Every structure is written in structure tokens, then in C-alpha cells.
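Computed from a prediction, not measured in an experiment: that's the story for all the values here. Residues: numbered from 1 along the sequence shown.
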Amino acid sequence: PFLGTAVAFALAAPLLDLWLVFMLLGLGMALPWLFVALVPKTALLLPRPGPWMKSLKILLALMMLASSLWLSSLLAGHLGSLISGMITFILTVAALMAFIFSVKRTAPLFWLVVIVLAAFGGYQLRGLWQDDVGTSAAAPGEQIAWQPLSETAITRAQAEGKRVFVDISADWCVTCKVNEHRVLNQPEIIAALNQPDVVALRGDWSQPSGLITSFLQQRNRYAIPFNQIYGPGLTDGEILPPLLDKHTVLNTLKNAKG
């Protein structure tokens with residue numbers, strides 16, 4: 001998921017672009033080894049093997065485990081929250097037991113890992129009896145009044161002289177979540193998007209959607225996050241950068257007024 005934008009672009013792009021993207025991804029991963037091969041003396045700068053490698057191995061494994069647990073939590077949209085929670089809980093318990101029986105139990109890092117995994121497993125177990133774990137509904141005035149995304153909705157809003165803010169995201173989109181927390185959930189943005197002359201449209205691409213795929217392709221885009229603003233001053237719409245900031249969103253909304 002951390003290379004989702006590049007991979008999505010490559011799969012929808014012409015064959016030569018696809019080759020170029022994947023060749024550069026491979027080159028980037030091979031670059032450290034190529035550098036040592038071309039300049040052998042740089043190998044002397046690498047740290048010597050030792051016990052520290054075991055701690056590093058555990059740390060890297062934890063990062064991979066965290067990614068897999070996060071990905072398993074996204075199954076809720078496909079299998080339901082109960083089944084998704086059970087799968088994540090079972091995976092956490094299995095990882096915890098494997099870790100306990102395969103690592104020496106004297107290092108402080110061991111107990112830190114045990115506590116974190118046990119806490120996460122307990123959190124998932126708690127979630128099996130609750131519909132929404134860790135979520136709290138904001139007051140109506142503190143939420144953006146999102147409406148379903150469609151070309152018809154954009155056309156209708158433009159005909160009424162209104163501004164339109166388009167947001168396409170998904171549960172598996174890391175950058176989308178960053179945009180939500182850093183920008184879209186901020187009071188200034190919520191107030192701006194709740195103005196009477198602003199229509200906020202959201203498309204959810206968590207599951208395959210022909211409508212959203214077609215919407216993006218018509219704008220020569222292949223991945224999310226995708227944000228676009230229309231208005232009397234921006235009749236053709238202005239596409240915002242993938243990583244949003246409050247200044248850009250507010251300024252573009254202001255320019256869209258005309």
C-alpha cells in the first residue's frame with residue numbers, strides 16, 4: 001500500500017511507462033548493493049556483524065507485523081467487523097506466541113514487544129463485542145456534510161453557481177488518512193466546506209468501483225488521494241496536490257468563487 005500510487009499509475013499507463021516505473025523501483029532497491037559493488041571500499045563503512053543484528057531483526061519484523069495487522073483490519077469492509085476482528089486477534093495471538101518461544105526473554109526489548117502485542121490483542125478482543133471501537137461521533141456542526149460523488153452532482157452544483165469540493169479516498173490509502181487528520185478534519189476546513197455555497201462530494205474506493213475508476217480516468221488520474229475544486233471561477237476544476245495543506249485548500253476554494 002505504500003507504493004499504491006506508483007503501482008496504480010503503472011498498471012493503467014502505457015506499456016513503456018509501466019516498464020519504466022517498475023525498473024526504477026527495482027533500481028532503487030538495488031542501488032545500495034550496486035554502490036558497494038562499484039566502490040568496494042565503502043563496505044568498510046558498514047557496521048560489523050554482532051548481537052545488535054538480532055535486535056534490528058526484531059524491530060524490522062515488528063514493522064512488518066504492524067503493517068500486516070493494519071491490512072487485516074481493512075477486511076472489515078469486505079468480511080464485516082466481527083470476522084475481521086477475529087482474524088486480526090488470531091494473527092496477533094499467533095505472532096505473540098511465536099515471539100515468546102523463539103526469542104530470549106531477558107532483553108528489555110522482549111518485554112516491550114510482549115506488552116505491545118498483548119495490548120493490541122486485547123484491543124481487538126474488546127472490539128469483537130463493540131460495533132465501533134475507539135470512534136466517537138463528532139457534533140453535527142463539526143462534520144463535513146459529504147454527499148455521494150457523481151458527475152451529475154457536479155454539473156447540478158455548477159448550474160446553481162455553487163463551489164464543489166471533490167474528495168476520493170479509501171480505507172487502505174495511507175496518504176488519504178494523513179490528509180484527513182492533517183487537513184480535512186481541521187475546524188477551518190470543516191467550516192469552509194460547510195458554507196451554503198459549497199457542495200462536498202466524496203467517493204469511497206475502499207472496494208472496486210467502476211464509477212470512481214471512470215471518474216479518475218476522465219481526468220487522466222490513476223490513483224488516490226484525489227481532490228478537485230470547481231466553482232464559478234474554476235469551471236474546469238482545479239486538481240489539488242496529493243498531499244493537501246490547509247493554505248492550498250482554502251485559497252483554491254476562495255479562487256473558485258470567481
> Any salt bridge between R219 and E151, counting N to O under 4.0 Å?
Replying inline: yes

> Should L244 and V178 count as side-chain neighbours, where that means a heavy-atom distance under 4.5 Å?
Replying inline: no

> Which pair of heavy atoms, one from P241 and one from T248, lies closest together, and at what distance?
Replying inline: CD-CG2, 4.2 Å

>> Go through it in stages, so that I can follow the logic: the residues are Y230 and T235, the test is side chain to side chain contact (heavy atoms under 4.5 Å, CB included), and I'd like the CA-CA distance, side-chain angles, deciding distance and then a yes or no.
In response: CA-CA 6 Å; Y230 292 86; T235 55; over 6 Å; no

> Under a 4.5 Å cut-off applied to non-hydrogen side-chain atoms, are W52 and P47 in contact?
Replying inline: yes

> Are the side chain of D171 and the backbone N or O of S206 linked by a donor-acceptor pair below 3.5 Å?
Replying inline: no

> Quick one: do V166 and L211 end up in the same hydrophobic cluster if we chain Ile, Leu, Val, Met, Phe, Trp and Tyr together by side-chain heavy atoms under 4.5 Å apart?
Replying inline: yes

>> Can you give me the closest heavy-atom contact between I212 and I168, atom names plus distance?
In response: CG2-CG2, 3.7 Å

> Would you say W33 has more than 12 foreign heavy atoms packed within less than 6.0 Å of its CH2?
Replying inline: no

> To the nearest 0.5 Å, how far apart are CG in L216 and CZ in F226?
Replying inline: 6.0 Å

> Same hydrophobic cluster for L59 and M64, using side-chain heavy-atom links shorter than 4.5 Å among ILVMFWY?
Replying inline: no

>> Do the side chains of R182 and D245 get close enough for a salt bridge, i.e. N-O under 4.0 angstrom?
In response: no

>> Walk me through whether R202 and L184 qualify under side chain to side chain contact (heavy atoms under 4.5 Å, CB included).
In response: CA-CA 12 Å; R202 168 163 281 180; L184 298 181; 3.9 Å; yes

> Rounded to the nearest 0.5 Å, how far does CD of E160 lie from CZ of R156?
Replying inline: 7.0 Å

> Taking it one step at a time, do F35 and T42 satisfy side chain to side chain contact (heavy atoms under 4.5 Å, CB included)?
Replying inline: CA-CA 8 Å; F35 185 72; T42 56; 3.4 Å; yes

>> Using 0.5 Å steps for rounding, measure from the CG atom of L234 to the CD1 atom of I239.
In response: 11.5 Å

> Atom CG of N179 and atom OG of S169: how far apart are they, to the nearest 0.5 Å?
Replying inline: 9.0 Å

> Would you find a donor on one side and an acceptor on the other, under 3.5 Å apart, between the side chain of N185 and the backbone of E180?
Replying inline: yes

> Which pair of non-hydrogen atoms, one from P225 and one from P242, has the smallest distance, and what is that distance?
Replying inline: CG-O, 3.3 Å

> Applying the 4.5 Å side-chain criterion to the ILVMFWY set and letting contacts propagate, would F22 and L16 be lumped into a single cluster?
Replying inline: yes

> Under a single-linkage definition using a 4.5 Å side-chain heavy-atom cutoff for Ile, Leu, Val, Met, Phe, Trp and Tyr, are L31 and V36 assigned to the same hydrophobic cluster?
Replying inline: no

> Where is the tightest heavy-atom contact between L253 and A192, given as atom of each residue plus distance?
Replying inline: CD1-CB, 4.0 Å

>> Taking L25 as the starting point, is it possible to reach L18 by hopping between hydrophobic residues whose side chains are less than 4.5 Å apart?
In response: yes

> Nearest heavy-atom pair of W172 and I224: which atoms, and what distance?
Replying inline: CH2-CD1, 3.7 Å

> Is a side-chain N or O of T213 found less than 3.5 angstrom from the main chain of S209, in a donor-acceptor match?
Replying inline: yes

> Under a 4.5 Å cut-off applied to non-hydrogen side-chain atoms, are V164 and I229 in contact?
Replying inline: no

> Rounded to the nearest 0.5 Å, what separation is found between the CZ atom of F165 and the CD atom of Q228?
Replying inline: 10.5 Å

>> Taking the basic N atoms (NZ, or NE/NH1/NH2) and the acidic carboxylate oxygens, is any pair closer than 4.0 Å for D197 and K162?
In response: no

> In Å and rounded to the nearest 0.5 Å, what is the CG to CD1 distance from L201 to I144?
Replying inline: 12.0 Å

> Looking only at heavy atoms, what is the nearest atom pair of Q186 and H181, with distance?
Replying inline: NE2-O, 2.9 Å

> Could you walk me through whether R163 and K257 pass the side chain to side chain contact (heavy atoms under 4.5 Å, CB included) check?
Replying inline: CA-CA 7 Å; R163 293 173 288 170; K257 264 192 170 183; 3.5 Å; yes

>> Are there over 12 heavy-atom neighbours, none belonging to K177, within less than 6.0 Å of that residue's NZ?
In response: yes

